[in-house]
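The structure presented is a predicted model; accordingly, all values stated were derived computationally and were not measured.
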Amino acid sequence: MLEHIELFFKSIFIDNMVFAVFLGMCSYLAVSKKVATAVGLGAAVIFVLAVTVPLNWLLDQYLLRDGALVWLGPEYADYNLSFLSFILFIATIATMVQLVEIVVEKFSPALYNSLGIFLPLIAVNCAILGGSLFMQSREIETLGLAFNYGVSSGIGWFLAILAIAAIREKIRYSNVPAPLRGLGITFIITGLMGIGFQSFGGMLTGGDEAPAAVEETTAEKFEENKVIVDEELDEKEISYNDLIKEEE
């Protein structure tokens with residue numbers, strides 16, 4: 001349970017898709033002019049990540065990685081299909097995005113029209129593919145953790161686009177210098193928000209663990225050196241005693 005909680009908060013605040021690795025910036029900048037539109041796209045991103053990351057985890061575990069085909073028989077243990085990761089991951093993402101597009105068009109035509117081309121472009125949103133690739137590279141162990149990572153990464157992206165949309169609606173009535181209006185001030189605000197999110201970096205590091213480890217290592221080295229010195233002194237004392245006996 002603690003592992004799930006740690007992964008959840010780490011994916012939202014510390015490894016935020018936008019502010020930590022700057023993925024999905026195209027949609028983040030283009031669809032963040034209004035809060036309502038940002039909420040719709042953010043919800044779609046959460047859904048797509050929540051579905052595609054676990055599905056791609058299953059593909060990685062039972063099809064793509066080295067030795068994953070061993071469940072078919074011992075003769076398949078040496079097969080490695082990891083070179084197909086990009087193709088299969090993108091195919092899974094494109095399928096889910098098409099499903100989201102159909103649902104949004106059916107139940108919310110106004111949101112579908114406001115999102116425009118950026119809704120189908122979720123299929124090539126690097127934040128979506130990045131979620132599956134990070135899941136693979138970090139070797140997430142269980143399907144539950146993969147689902148947790150997909151949902152929390154989507155929530156992190158959702159919070160980022162919601163925050164910038166709210167700020168952009170407010171600064172519309174502010175006296176922004178002419179050269180910085182539009183994307184200029186948006187980039188500056190995004191950079192400042194990224195710096196702010198870096199402050200969460202020490203939230204889950206366990207600050208007392210590293211000094212304790214260093215202190216324990218130092219104590220162990222001191223004991224080892226003390227034993228060596230004591231042995232050398234004992235040997236020298238024996239040699240000195242032998243020398244005195246010989247002189248007598």
Side-chain angles (χ1 to χ4, degrees), residues 1-28 41-106 115 117-158 160-161 204:
M1 184 63 183
L2 183 62
E3 189 177 6
H4 281 271
I5 296 174
E6 181 179 353
L7 180 63
F8 182 80
F9 285 103
K10 187 176 181 181
S11 301
I12 294 176
F13 297 107
I14 300 173
D15 296 330
N16 188 282
M17 283 291 187
V18 175
F19 299 130
V21 289
F22 296 101
L23 294 180
M25 294 298 293
C26 177
S27 302
Y28 167 83
L41 184 63
V45 168
I46 292 175
F47 174 79
V48 173
L49 277 172
V51 175
T52 57
V53 172
L55 286 178
N56 288 333
W57 183 88
L58 292 173
L59 287 175
D60 182 57
Q61 290 290 321
Y62 298 104
L63 185 63
L64 297 174
R65 65 172 50 194
D66 189 16
L69 295 175
V70 69
W71 56 276
L72 292 175
E75 62 274 16
Y76 297 97
D78 295 331
Y79 283 78
N80 185 358
L81 301 179
S82 58
F83 63 93
L84 295 174
S85 296
F86 281 92
I87 296 175
L88 292 181
F89 286 177
I90 292 174
T92 304
I93 292 168
T95 303
M96 290 301 104
V97 170
Q98 289 300 312
L99 177 62
V100 170
E101 187 176 1
I102 293 171
V103 171
V104 172
E105 185 179 11
K106 176 69 175 178
L115 291 176
I117 190 63
F118 292 99
L119 182 57
L121 281 181
I122 294 178
V124 290
N125 189 332
C126 51
I128 308 296
L129 180 59
S132 296
L133 294 178
F134 287 151
M135 169 274 299
Q136 185 185 46
S137 63
R138 293 172 184 175
E139 298 182 351
I140 292 180
E141 298 177 354
T142 65
L143 181 63
L145 285 174
F147 175 76
N148 184 350
Y149 180 70
V151 172
S152 54
S153 297
I155 293 175
W157 198 90
F158 172 81
I161 193 172
L204 299 174

Within a reach of under 6.0 Å around CZ of F147, are more than 12 heavy atoms found that belong to other residues, nucleotides or ligands? no

Please work out which of the three classes, parallel, tilted or perpendicular, describes the rings of Y79 and Y76, given edges at 30° and 60°. tilted

Would you give the length of the straight line joining atom [atom1] of [X] to atom [atom2] of [Y], rounded to the nearest 0.5 angstrom?
X: N148; Y: L143; atom1: CG; atom2: CG; result: 11.0 Å
X: M17; Y: S153; atom1: CE; atom2: OG; result: 4.0 Å
X: L81; Y: I87; atom1: CG; atom2: CD1; result: 11.0 Å
X: L145; Y: E139; atom1: CG; atom2: CD; result: 13.0 Å
X: I93; Y: T52; atom1: CD1; atom2: OG1; result: 5.0 Å
X: I155; Y: S11; atom1: CD1; atom2: OG; result: 9.5 Å

Counting C-beta onward and ignoring hydrogens, is there a side-chain heavy-atom pair between V100 and V48 closer than 4.5 Å? yes

In the structure I gave you, are the side-chain heavy atoms of S27 and L41 within less than 4.5 Å of one another anywhere? yes

Does F89 have its ring centroid less than 6.0 Å away from the ring centroid of F86? no

Considering non-hydrogen atoms only, spot the tightest contact between [X] and [Y] and give its length.
X: L49; Y: P54; result: O-CD, 3.9 Å
X: D66; Y: D78; result: OD1-O, 4.1 Å
X: Y62; Y: W71; result: O-NE1, 2.7 Å

Ignoring hydrogens and angles, write down the donor-acceptor pairs under 3.5 Å from the side chains of residues 121-138, residues two or more places apart or on other chains.
from, atom 1, to, atom 2, distance (Å)
N125, OD1, A127, N, 2.9
S132, OG, N56, ND2, 2.7
Q136, NE2, D60, OD1, 2.9
Q136, NE2, S85, OG, 3.2
S137, OG, L133, O, 3.2
S137, OG, F134, O, 3.2
R138, NH1, Y149, OH, 3.2

Checking W157 side chain against N16 main chain: does a donor-acceptor pair fall under 3.5 Å? no

Apply side-chain contact (heavy atoms from CB on, under 4.5 Å) to the pair L88 and L64, showing each step before the final yes or no. CA-CA 9 Å; L88 292 181; L64 297 174; 3.5 Å; yes

